[in-house]
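This report refers to the structure that appears directly beneath it.
The residues of the chain are indexed from 1 along the displayed sequence.
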Amino acid sequence: MKTITTLLLLLALTALFARESLAEDPFTAEIVRYSYQIPNQTVIGDPSSYLVQNKDTMLDIGRHKGLGYNEVNLLYPEMDPWIPPYGKHIIAPTFWVLPPTTHEQLVINLPELRLYYFNRASGTVQTYPIGIGDEGWESPLGTFHITEKRPNPAWYIPKSLQAKYGMAVMPPGPANPLGEYMMKFSAGPYGVHGTAMPWGVGRLVSHGCIRCYPEHIRLLFPQVSIGTKLEIIYEPIKFGQKDGLIFVEAHPDVYRKIPDYYAFAMEKLKHYPLAQRIDQRRFWVAITLQSGVPINVSTPPAYDFGRMMIETDQD
């Protein structure tokens, strides 16, 4: 009886701390639905700007703009992530090429560390940054579906990690790595969930699960129903179109699956239906940079969001 009472007290305290932490959280988000049309309008969003504030870090800036750490770090690799220049206007890469899938329901593209939630009926999509499995704990690839949803989830710790944490089950609370919400999918122990460590979004940090910012999982959880289809793909190079222009978005090979990235890129280009409209020099700029930013590779050259972003960084 004493053990049960102690456990109930622990659960009550962790729930209280979680509510206090939520109240102090300065980061909020609203649902943004982007219109798309296959195949002519597959670049969504637009680049935006951000004025660096006192005590900002690049992690703060990314989170304020709905980006993962990888997205700001790839674009500004020389900028000190902990002390970005106060008062500087920087460009935030808040636009993306849609992943090459059937565009049904949930899609996760591991190399870009980003999740897409499609609504084909309305022709709209939401997108959110994620953290994924670390090397040796890679997130699974394949087609799955959501099998279970749990608010305030307890974490049933894998046997291989129980000695590290000193327990088999971690109750809900601010230390629980699953955060406030958990959506399991049909790939064994994996799920899409929140996190107690938001700075892990945009990084390879988990044991295979998909981590979202707390403010984003709060938006997704009530929308996604049990049975929702989930595709997890590995596409570091994406082609897209917007307003008659062709864009390429290239990401690093985060799991080192590709022996020769440039040969892989050429093979992608060879099979792209509009390859004859692509400027080879601009294509190789995108492939070499691997900045995660959609770059206009159309020929003849036209107004280029990607070039604008690169040149802005040189100010």
Side-chain angles (χ1 to χ4, degrees), residues 18-19 21-34 36 44-46 48 50 57-74 92-96 98-99 103 105-119 122 124-133 139 144 146 148-153 155 172 174 176-185 190-206 208-226 228-233 251 292:
R19 286 198 298 271
S21 175
L22 178 60
E24 296 170 0
D25 190 350
F27 297 97
T28 60
E30 296 180 352
I31 294 174
V32 178
R33 294 181 174 90
Y34 299 97
Y36 71 94
I44 59 170
D46 291 290
S48 57
Y50 184 85
T57 68
M58 294 301 281
L59 299 99
D60 296 318
I61 293 169
R63 192 173 175 190
H64 278 301
K65 301 301 289 187
L67 302 168
Y69 175 71
N70 64 310
E71 293 174 287
V72 291
N73 185 58
L74 286 173
T94 48
F95 66 130
W96 307 270
L98 294 182
H103 307 99
Q105 301 186 320
L106 287 170
V107 176
I108 289 170
N109 188 18
L110 295 179
E112 65 174 312
L113 285 82
R114 185 157 280 272
L115 175 151
Y116 296 84
Y117 182 39
F118 290 91
N119 184 327
S122 64
T124 60
V125 60
Q126 302 167 46
T127 184
Y128 303 98
I130 55 173
I132 64 174
S139 299
F144 312 101
I146 301 299
E148 182 183 350
K149 295 174 62 179
R150 297 200 308 260
N152 300 313
W155 181 30
N176 188 314
L178 303 185
E180 301 170 52
Y181 298 100
M182 169 72 160
M183 300 187 294
K184 290 194 67 176
F185 57 89
Y190 302 109
V192 179
H193 58 76
T195 180
M197 190 184 74
W199 313 130
V201 173
R203 296 176 183 270
L204 280 62
V205 290
S206 77
C209 284
I210 306 301
R211 297 184 181 184
C212 298
Y213 283 133
E215 60 271 24
H216 291 163
I217 196 66
R218 292 172 201 143
L219 300 179
L220 273 171
F221 187 82
Q223 297 184 76
V224 176
S225 58
I226 292 177
T228 295
K229 181 179 178 180
L230 167 64
E231 295 176 81
I232 303 182
I233 63 174
H251 294 264

Are any non-hydrogen side-chain atoms of [X] and [Y] less than 4.5 angstrom apart?
X: R63; Y: E215; answer: yes
X: C209; Y: V192; answer: no
X: H251; Y: L113; answer: no

Separation between [atom1] of [X] and [atom2] of [Y], rounded to the nearest 0.5 Å:
X: L220; Y: Q126; atom1: CG; atom2: CD; answer: 6.5 Å
X: W96; Y: N109; atom1: CH2; atom2: CG; answer: 14.0 Å
X: Y213; Y: T195; atom1: OH; atom2: OG1; answer: 10.0 Å
X: I217; Y: H193; atom1: CD1; atom2: NE2; answer: 8.5 Å
X: D46; Y: T94; atom1: CG; atom2: OG1; answer: 7.0 Å
X: I210; Y: I130; atom1: CD1; atom2: CD1; answer: 4.5 Å

So, the side chain of S139 versus the backbone of G208: is there a donor-acceptor pair under 3.5 Å, distance only?
yes
Is the side chain of Q105 donor-acceptor paired with the backbone N or O of T228 at a distance under 3.5 Å, no angle test?
no
With [X] via ring-ring contact (aromatic ring centres under 6.0 Å, His included) - residues at least two apart:
X: H103; answer: F118
X: Y50; answer: none
X: F221; answer: Y181

Determine, stepwise, if the pair Y69 / W199 fulfils side-chain contact (heavy atoms from CB on, under 4.5 Å).
CA-CA 7 Å; Y69 175 71; W199 313 130; over 6 Å; no
Could you list the residues that satisfy side-chain contact (heavy atoms from CB on, under 4.5 Å) with [X], not counting sequence neighbours?
X: T124; value: R33, S35, N119, S122
X: N176; value: W155, M170, L178
X: T57; value: L59, D60, W82

Would you call E71-K65 a salt bridge at under 4.0 Å N-O?
no
Where do E180 and P214 come nearest, in terms of heavy atoms and distance?
OE2-CB, 4.1 Å
Just say parallel, tilted or perpendicular for the rings of H216 and Y128, cut-offs at 30° and 60°.
tilted
Worked check of side-chain contact (heavy atoms from CB on, under 4.5 Å) between L106 and I146
CA-CA 10 Å; L106 287 170; I146 301 299; 4.2 Å; yes
